[in-house]
Amino acid sequence: MKRNRLVAPILWVIALALLGALLSNFFHQEEPIDLRKQSLHGKINKSSFHRGFIKVNDNIWISQNTPEVSIVDGQKTGRLIDEIYPPYRLKKQAGDSIILLEKDEDSLYFRVLGEDSINDPTFSQLYRRWFKH
């Protein structure tokens, strides 16, 4: 009997969370820029994290899950770009998938995540994967 009382509120919370996610995506439908095709030159002076992205300027956003591909002592570091704290400078050539992050005297390299990345799926990508659309 008590179990039935809990089911309805839990289902309401789940439904409201999904509705909130859908509405959030609906109202924030800026067309994403394919960062792999763009050149990038910017300085990040402070943390600028927005909805899982680092805002470089008004129209370029980099996923916080962007993995480092630098090799230190013969091994990959496994760090993500959000683990590096500003200030730093970012550089990338158009058509290249590697971002150069310069911090102090260090040069770190990160690989741009693509549309098909399983490391950083969007809600719509998860929906398509779950329901095979």
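Below, each value reflects all heavy atoms present in this structure, side chains not excepted, and no hydrogens, waters or symmetry copies.
- In terms of the side chain to side chain donor-acceptor pair (under 3.5 Å) criterion, residue partners of S70 (sequence neighbours excluded) are, by chain and number, E68.
- Between the CG atom of L101 and the CZ atom of R79 there is a distance of 9.0 Å, given to the nearest 0.5 Å.
- In this structure, I84 is a member of the same hydrophobic cluster as L40, with clusters built from ILVMFWY side-chain heavy atoms closer than 4.5 Å.
- Once rounded to the nearest 0.5 Å, the distance linking CD1 of I62 with CG of L90 reads 5.0 Å.
- L80 and F110 are members of different hydrophobic clusters when ILVMFWY side chains are connected at heavy-atom separations under 4.5 Å.
- To the nearest 0.5 Å, atom CG of residue L16 and atom CG of residue L11 are 11.0 Å apart.
- Residues passing the salt bridge (charged side-chain N to carboxylate O under 4.0 Å, His left out) test with K91, sequence neighbours excluded: E102.
- Among all heavy-atom pairs drawn from S63 and T66, the shortest one is O-OG1, 2.7 Å.
- When all heavy atoms of P87 and K103 are compared, the closest pair comes out as O-NZ, 3.4 Å.
- Nearest approach of K92 to V112, heavy atoms of both residues: CD-CG2, 3.9 Å.
- I98 belongs to a hydrophobic cluster whose other members, connected by ILVMFWY side-chain contacts under 4.5 Å either directly or through intermediates, are V69, L100, Y109.
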